[in-house]
S.K.: 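Let me begin by handing over the structure; questions about it come next.
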Amino acid sequence: MAELSKMDLLIDFTEDDEHSQANLHDFLQPLHDTAERVSKQVEAFARCLHKFQAQHNSSDVWDDASQLFDQFCAITQTREDSSISSFDSDEDFQSQLQKIQLERDIWVLAKNLLLSRGPKAANDAHHSQSERLKELHQYTTSSDLWNAFLDSDTVAQEYETVLVWLHERRAQSGDIQTKVSSTLSQANRGDVQSAVPLYTSHEIKKKKRLAGRVGPLDPTADGLASQLDPDAPTRQRARLDPQDEYYEEAAWQVCWEMLRRGATSSELSKWWTDTKEPYRALVCSNTSCGPEPARTSPFQRVMNLASNAQWLRLCKAVASDSTFADHVQRAVLGLLCGESTISNLACEDVDDMVFSLVNGLLIQRYMHYLSAYRQKLQNSALHSFQPLPSDQSQITSLLESLQSSPDFRDEMLSPHKYIEMALIAVEYRNFFHEMGQGAVYIAQTTGLFNHLFHVSQHVEVSECIQATASDADSVRIIAHLQLAFQAIGALSVNHSADNETAFYERYYIESNIASYIGYLQQDKKWSLIPLYASKLSKKRCSTVLGLTMIDITDNKERGQLVRLMRKYNINVAEVLFAIAVSATDSRLADFRDGLGEFEAPRITEKPPKGQVKIRSAFMSDDISDEEDKAILGVEWYRWVDAENWGRACFSISTLYKLWLAKGRYSALRSLAQRASLADLSLAALSMNLYFGSDEEDEDAEGDKKMDDSDEPSGVMSPRKRQEKRSRHPLAAEGTSREVLFNKSAVWMQLEQLVNALQALEEWQDLADTVNANRNNPAAVRSMKRELREALGQVETAMMPVLTQGFLCHAFDEKEAKVLEKIRTKYLPELVLGYNSVLFFAGHAISRTWLGNCMELANILAATPSLTDAFVHSGRMREMVSAFALDGQSLLLANEAGSKKPGEKKVKALDMWQVRWKDLSRSMDSVD
């Protein structure tokens, strides 16, 4: 039976036995360990970035950035070391390990390129261009010429950096012998390594014996080389035996590999001396002569071009002639003379292609310097040197061609590869701009973190950018590279762009940071998000934080994040408003043009017989996820400051208005409970603004103004409206208790309205229970205490609603219309519902409450804001009918309470405990 894969084992774990559980644990443990290592790496990166941002200054920022990349490299190395023990021969694990190794090398490359592209390198090169050339003379050594060249050409320094980096990466790829093992196996030599073409030699001797010859064979006889010297095939234009050809190819593959690994002349000489082929070392290094520093440099082969021009010409000639040698030998020679189109013949991967091109560009620039040096020898007055223009376009073209090449496409789609190429090939700003477009593209096409990207412009990016932008580790690398380069000023600003172009450029570049924040949100790394968000533009910072922080529900975590935002100089108030907007934006869209027609159902109902009744459990539905999210957003206002309290009040009152219009009663109840004015004001301002110091005086003044005015509630002249707008609480300056209380007025009254609705619902739930047990006197008696308590809560909740001017003080005409609709919709409902409460209490508790129904009628008649609501809602007839039923019921109760035989006469409204049979008779009479 074939061995099961790990996934097969996982699928077969259906039985709850110890063996299966153990195997499942063994399968999942490496995944858990990997996630833990990634998590630690993410946190370590954030700590290093925080320290870098806190400590760097303009004088040594480039050095700080270099040290930052060193730290990132060390962190990645730690992850690699801790991961190696977990990886096995499984292809996926090995691929992951290679990905980590490439990331480590990318940080090394970024650091080294940073040094060669920094201002110090540019200043030193400018000085060397005017000074170093005049120091050179005809006896200057090749190594001194090379150093003078590098000192004078920063682009050459970059190329040298890239080549050394590629040397080191290739040296990590395994043993050279392993690389050529496939070709050597076809040479059929076993462990024998020798320059002697064994199989060709055997054929030559065999033919000599058959022909009886002593001297050399005729080289034109059958196309086979007739002599055994190394250049015989080239000189004779003949071939070796196929097995010797394979060995020759393998030998040149070794030459290529050693050059790719940056082997020194000494290393080359030792390798080929051991295999009895020292001539190959001489070819590969050009010459082994020179001072010791040069002999230990992998670039001695380039240095010696200064003193061996004839060799260079011959090398180019042989490399260009396809009839002289196989493709690997030509590639080696092309590499030595700087012909990248020829050296490409041996390239097997992307790094080979980059090595081939950069090597050719470096030799080209060096030959340009040697030309200036020779001119200086002829004319001592020439002192300055002007390097060739940048070859960046050639490397960029290579990057583009590799993305479309079928031979290299798959490798270019692998994680991190595009980042490596871009660091070498693309100007930083263009790279980050393209990657930002990639982040937006991924969001638009897959929905990944789509909530963090709101841009209407459609983008198209290459497959390589798509693959990189969708890899979490790649996004992390890009974000940290960008932040470091931003800090050192390496991302130039396009001052010539128009406003729209500049906006999109900035937006796309910032999208790299936003994308990484999305991954932090996904992994619930809340404490790291403010650090990265602080590097965004102010508006986008608050927007992104608003979209991510909404998921946090623990007040302790929220408080910690607020402290972090302040630490990073983020405008906390703007973030709090952004959180609320992100939580309610989809619903508030309905509110921008007014509330329209109210969709809220009535809270009262008229049974076939009897008094109006409150609907049972009208606030008991489950709230939706969207509504819960909106309340979570509002809860963040507990950290708003006094200066922004008015905006918070407006935001919360807007949500109340919307849900009142939509009839979202359960959501309104949750909002009033979880984000009450008392709780939020106490947390944010250290004062409970549900109670104002001058509340009674202000109410009295408001009543007087209303009584003196002939205008209907909520309507006033333009002059008076302008005066009111200028003194509206939300526009008032100051942070005194009175000012803050006034700013909370509409919010407070909307909350009071909801509290009244809730009190009525809770009363009705209890009343329904009492009514269901009306034939059980013991149960009724035990519930009367609860009824009295619930009745007291209803009275308290209804008290502010029955006040003149309730919800009549609007900020502007639009709000005045909204508040008028709310009053028209809900005040009649509340009054009729409250009347039904008093009516029931008058029969179930004491007939005194029936008298309170008459008092309610008096309050209604004396309160214009209440009567206006009935008039505008067209419910006056309903109100009259309800109070008429109250009156009839009160008369019946008075008759039942008259003096009975043998009893002392009592007042009509004395306390009287109503029996259920009396209640039934009374209700039937009313009907």
S.K.: Is the NZ or CZ atom of Arg476 both under 6.0 Å from the centre of the six-membered ring of Tyr519 and within 45° of that ring's axis?
M.R.: no
S.K.: Going through the distances and angles, do Gln457 and Glu500 end up as a side chain to side chain donor-acceptor pair (under 3.5 Å)?
M.R.: CA-CA 11 Å; Gln457 190 179 75; Glu500 183 179 3; 5.2 Å; no
S.K.: Ignoring hydrogens, what is the shortest heavy-atom contact between Gln482 and Ile509? Give both atom names and the distance.
M.R.: NE2-O, 2.8 Å
S.K.: Please tell me whether Tyr418 and Glu434 have a donor and an acceptor in their side chains that are separated by less than 3.5 angstrom.
M.R.: yes
S.K.: What's the shortest heavy-atom distance between Arg429 and Leu491, and which atoms?
M.R.: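 It is N-CD2, 3.9 Å.
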S.K.: Report the relative orientation of the aromatic rings in Phe485 and Phe69; use parallel for angles under 30°, tilted for 30 to 60°, perpendicular for over 60°.
M.R.: perpendicular
S.K.: Are His480 and Tyr532 an aromatic pair by the rule of ring centers under 6.0 Å?
M.R.: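 Yes; Tyr532 has its ring centre under 6.0 Å from that of His480.
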S.K.: Could you tell me whether Phe149 and Phe385 have their ring centroids closer than 6.0 angstrom?
M.R.: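 Here the rings of Phe385 and Phe149 have centres that are no less than 6.0 Å from each other.
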S.K.: If we ignore angles and hydrogens, is there a donor and acceptor under 3.5 Å between the side chains of Gln403 and Glu463?
M.R.: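 Per modelled atom types, Gln403 and Glu463 side chains form no pair under 3.5 Å.
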S.K.: Using a strict cut-off of less than 4.0 Å between a Lys/Arg side-chain nitrogen and an Asp/Glu carboxylate oxygen, indicate whether Lys120 and Asp124 qualify as a salt bridge.
M.R.: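 Salt bridge between Lys120 and Asp124, a charged N being under 4.0 Å from a carboxylate O: yes.
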S.K.: To the nearest 0.5 Å, tell me how far Arg37 CZ sits from Ile100 CD1.
M.R.: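 Between Arg37 CZ and Ile100 CD1, I get 7.0 Å after rounding to 0.5 Å.
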S.K.: Salt bridge between Lys539 and Glu574, side-chain N to carboxylate O under 4.0 Å?
M.R.: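 Looking at Lys539 and Glu574, the cut-off is not met.
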S.K.: With a cut-off of under 6.0 Å to the ring centre and 45° to the axis, is Arg540 in cation-pi contact with Tyr507?
M.R.: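 Yes; both conditions hold, so Arg540 lies above the ring face of Tyr507.
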S.K.: Show the nearest heavy-atom pair for residues Leu545 and Ile579, with the distance to one decimal.
M.R.: O-CG1, 4.2 Å
S.K.: Could you list the residues that satisfy side chain to side chain donor-acceptor pair (under 3.5 Å) with Gln444, not counting sequence neighbours?
M.R.: none
S.K.: Judged by modelled atom types alone, do Lys525 and Ser39 share a side-chain donor-acceptor pair under 3.5 Å?
M.R.: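 Checked: Lys525/Ser39 side chains pair up, N/O donor to acceptor below 3.5 Å.
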S.K.: Output the distance between atom CG (Leu68) and atom CD (Gln53), rounded to the nearest 0.5 Å.
M.R.: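 Rounded to the nearest 0.5 Å, the CG-CD separation comes to 8.5 Å.
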S.K.: Checking ring-ring contact (aromatic ring centres under 6.0 Å, His included) for the pair Tyr508/Phe432: CA distance, chi angles, key distance, verdict?
M.R.: CA-CA 8 Å; Tyr508 288 132; Phe432 293 121; over 10 Å; no
S.K.: Does the pair Arg170/Asp351 count as a salt bridge with the N-to-O cut at 4.0 Å?
M.R.: no
S.K.: Is there a side-chain contact between Val38 and Asp523 (heavy atoms, below 4.5 Å)?
M.R.: no
S.K.: Can you tell me which residue among Val42, Ile529, Ile477, Leu483 is in a side chain to side chain contact (heavy atoms under 4.5 Å, CB included) with Tyr516?
M.R.: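 Passing option: Val42.
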S.K.: Glu43 and Lys40: salt bridge (Lys or Arg N to Asp or Glu O under 4.0 Å), yes or no, with the steps?
M.R.: CA-CA 5 Å; Glu43 294 170 358; Lys40 290 180 179 179; over 6 Å; no
S.K.: For Leu259 and Phe355, which heavy atoms make the closest approach, and how far apart are they?
M.R.: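 Shortest heavy-atom contact: O-CZ, 3.7 Å.
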S.K.: Could you walk me through whether Lys111 and Asp70 pass salt bridge (Lys or Arg N to Asp or Glu O under 4.0 Å), step by step?
M.R.: CA-CA 7 Å; Lys111 175 199 171 180; Asp70 268 340; 3.0 Å; yes
S.K.: Can you name the closest pair of heavy atoms from Ala443 and Asn450 and give their distance?
M.R.: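 Closest heavy-atom pair between Ala443 and Asn450: O-OD1, 3.3 Å.
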S.K.: Check the pair Leu109, Arg169 against side-chain contact (heavy atoms from CB on, under 4.5 Å), reporting the backbone distance first and the verdict last.
M.R.: CA-CA 10 Å; Leu109 176 64; Arg169 270 192 56 76; over 6 Å; no
